[in-house]
2 protein chains.
Amino acid sequence: MTRKQELIAVAQIKVREGGYNNFSFRELAKEVGIKSASVHYHFPTKEDLGAEVAKQYTDAFMNALGEPKAISDAGNDPIIAFATLFKSSLHQDKQMCLCGLLGAEADILPDLVRGEVKHFFKRTLLWLEQAYSHSKQPNTLDAKQLAIQTISVLEGAMMISIVNEDNSIFDSAIEGLIKG
Amino acid sequence: MTRKQELIAVAQIKVREGGYNNFSFRELAKEVGIKSASVHYHFPTKEDLGAEVAKQYTDAFMNALGEPKAISDAGNDPIIAFATLFKSSLHQDKQMCLCGLLGAEADILPDLVRGEVKHFFKRTLLWLEQAYSHSKQPNTLDAKQLAIQTISVLEGAMMISIVNEDNSIFDSAIEGLIKG
DNA sequence: GTCTATAATTTGATAGAC
DNA sequence: GTCTATCAAATTATAGAC
């Protein structure tokens with residue numbers, strides 16, 4: 001892992017713990033064993049670093065997800081696969097979705113960072129919409145609405161589980177998910 | 001409004017914009033026309049102030065809500081009333097639920113503040129559970145599960161609406177709410 | 001790529017006068 | 001209740017050497 005990637009990895013953890021204001025160049029520098037001035041070599045400003053963290057988080061998430069069609073073809077439900085990715089994140093990392101936390105702080109995010117967070121939801125909503133639009137299960141709601149409801153309940157349940165230190169809240173919430 | 005209440009009101013806005021790290025004693029002092037040292041007279045520490053903000057937010061929310069039975073007796077659906085309170089907050093304040101944002105930051109909250117946020121969800125979940133347990137509509141899920149799913153989708157949809165500056169996302173999400 | 005050094009600002013908090 | 005004055009620490013960022 002390059003130094004730049006190390007910095008991004010440490011920053012991601014800090015942001016998922018307490019948002020955009022919860023990391024500093026000095027802190028990151030210390031954790032990877034360099035000085036804060038050197039962090040500015042890799043990222044001119046904090047905004048640049050924050051945007052890169054959000055971008056890589058989104059890319060990694062979508063990459064882990066794969067394509068809805070591939071999941072379907074393997075005989076699995078894409079919606080369940082999506083929810084399971086959130087669940088794994090909660091159980092393993094014990095941390096909030098990075099874009100779920102940053103999204104709530106949208107008002108104070110620098111432009112580049114807010115743009116990347118918007119992009120996360122654009123991509124996840126499109127993915128879910130595609131999954132629902134190819135669903136074989138009958139539904140009164142259209143695919144777009146189902147996509148919104150699904151990502152909403154996952155983000156909300158994750159947050160409530162974290163503050164209550166009780167993962168069963170999340171598990172209980174996803175039991176009601178409408179399948180694809 | 002007392003000076004103490006003015007400080008709480010200003011702090012609430014700042015927190016709903018950007019979380020616990022998004023307000024300072026100096027900032028609050030300036031907005032109400034005193035000096036930062038005077039804020040320490042009203043609140044010894046930032047933790048005390050933060051906890052009081054969360055407590056009053058919760059009290060005001062529950063107060064605006066009223067009792068599920070009173071809503072039912074008036075011929076209205078308590079779940080819809082609950083969702084409408086969230087919707088009003090989004091449309092009028094154009095801000096995140098204070099406890100939704102703070103909950104996502106749970107890892108970095110001082111103990112008193114995190115305690116108040118947990119209390120918000122304890123109270124809202126109990127309220128929703130009561131509303132669902134007296135429901136006349138048949139459901140496969142129990143009242144507790146329905147309560148979790150309802151508050152989750154509301155918090156999540158609120159967050160996504162805010163970062164996308166598109167309230168129709170929230171409106172779309174609540175259309176799928178299971179009524180009480 | 002990383003360093004030292006530093007500027008300019010902001011932060012939470014306290015002592016003590018009025 | 002509010003003030004002045006102040007502290008110790010942390011923050012983002014830059015200049016320039018190596």
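Residue numbers start from 1 in every chain, and the chains themselves are labelled A, B, ... in the order their sequence lines are given, proteins ahead of strands.
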**Prompt:** Picking from B/Val10, B/Leu98, B/Thr58, B/Val113, what satisfies side chain to side chain contact (heavy atoms under 4.5 Å, CB included) with B/Val53?
**Reply:** B/Leu98

**Complete:** In whole angstroms, the gap separating C1' of D/dT2 from OH of B/Tyr41 amounts to 10 Å

**Request:** Please list, chain by chain and in numerical order, all residues satisfying salt bridge (charged side-chain N to carboxylate O under 4.0 Å, His left out) with A/Lys87, sequence neighbours excluded.
**Result:** A/Asp171

**Asked** Could you give the CG-to-P distance, from B/Leu49 to C/dT11, as a whole number of Å?
**Response** 14 Å

**Item:** B/Arg3: partners by salt bridge (charged side-chain N to carboxylate O under 4.0 Å, His left out), with sequence neighbours left out
**Value:** B/Glu6

**Request:** Just grab all the side chain to side chain donor-acceptor pair (under 3.5 Å) pairs involving residues 144-154 of chain A, residues at least two apart or on different chains.
**Result:** A/Tyr132-A/Thr150, A/Gln145-B/Glu175

**Message:** Looking at D/dG1, I'd like to know if its phosphate oxygens (OP1 or OP2) sit under 4.0 Å from a side-chain N or O belonging to B/Ser38.
**Reply:** no

Where do N or O atoms of nucleotides 10-12 of chain D meet protein N or O atoms at under 3.5 Å, pair by pair?
| residue | atom | partner | partner atom | Å |
| --- | --- | --- | --- | --- |
| D/dT11 | OP1 | A/Ser24 | OG | 3.4 |
| D/dT11 | OP2 | A/Ser24 | OG | 3.3 |
| D/dT12 | OP1 | A/Phe23 | O | 3.4 |
| D/dT12 | OP1 | A/Lys46 | NZ | 3.0 |
| D/dT12 | OP2 | A/Phe25 | N | 3.2 |
| D/dT12 | O4 | A/Arg26 | NH1 | 3.2 |

**Prompt:** Got a sec, which residues hit salt bridge (charged side-chain N to carboxylate O under 4.0 Å, His left out) with B/Asp59, two or more places apart in sequence or on another chain?
**Reply:** B/Lys55, B/Arg123

Considering only distance and modelled atom types, tabulate donor-acceptor pairs under 3.5 Å from the side chains of residues 61-68 of chain A, sequence neighbours left out.
none

**Fill in**
B/Phe43 atom CZ is separated from C/dA13 atom C1', nearest whole Å, by 16 Å

**Request:** Sequence neighbours left out, what pairs pass salt bridge (Lys or Arg N to Asp or Glu O under 4.0 Å) with at least one residue falling in residues 24-41 of chain B?
**Result:** B/Lys14-B/Glu27, B/Lys14-B/Glu31

**Message:** Rounded to whole Å, how long is the line connecting atom NZ of A/Lys35 with atom C1' of D/dA15?
**Reply:** 18 Å

Give every pair of a protein N or O atom and an N or O atom of nucleotides 15-18 of chain C that lie under 3.5 Å apart, one pair per line with the distance.
none

**Prompt:** With sequence neighbours left out, which residue pairs that include part of residues 101-122 of chain A fulfil the side chain to side chain donor-acceptor pair (under 3.5 Å) condition?
**Reply:** A/Asp111-A/Arg114

**Message:** Expressed as a whole number of angstroms, how long is the span from A/Leu28:CG to D/dA13:P?
**Reply:** 12 Å

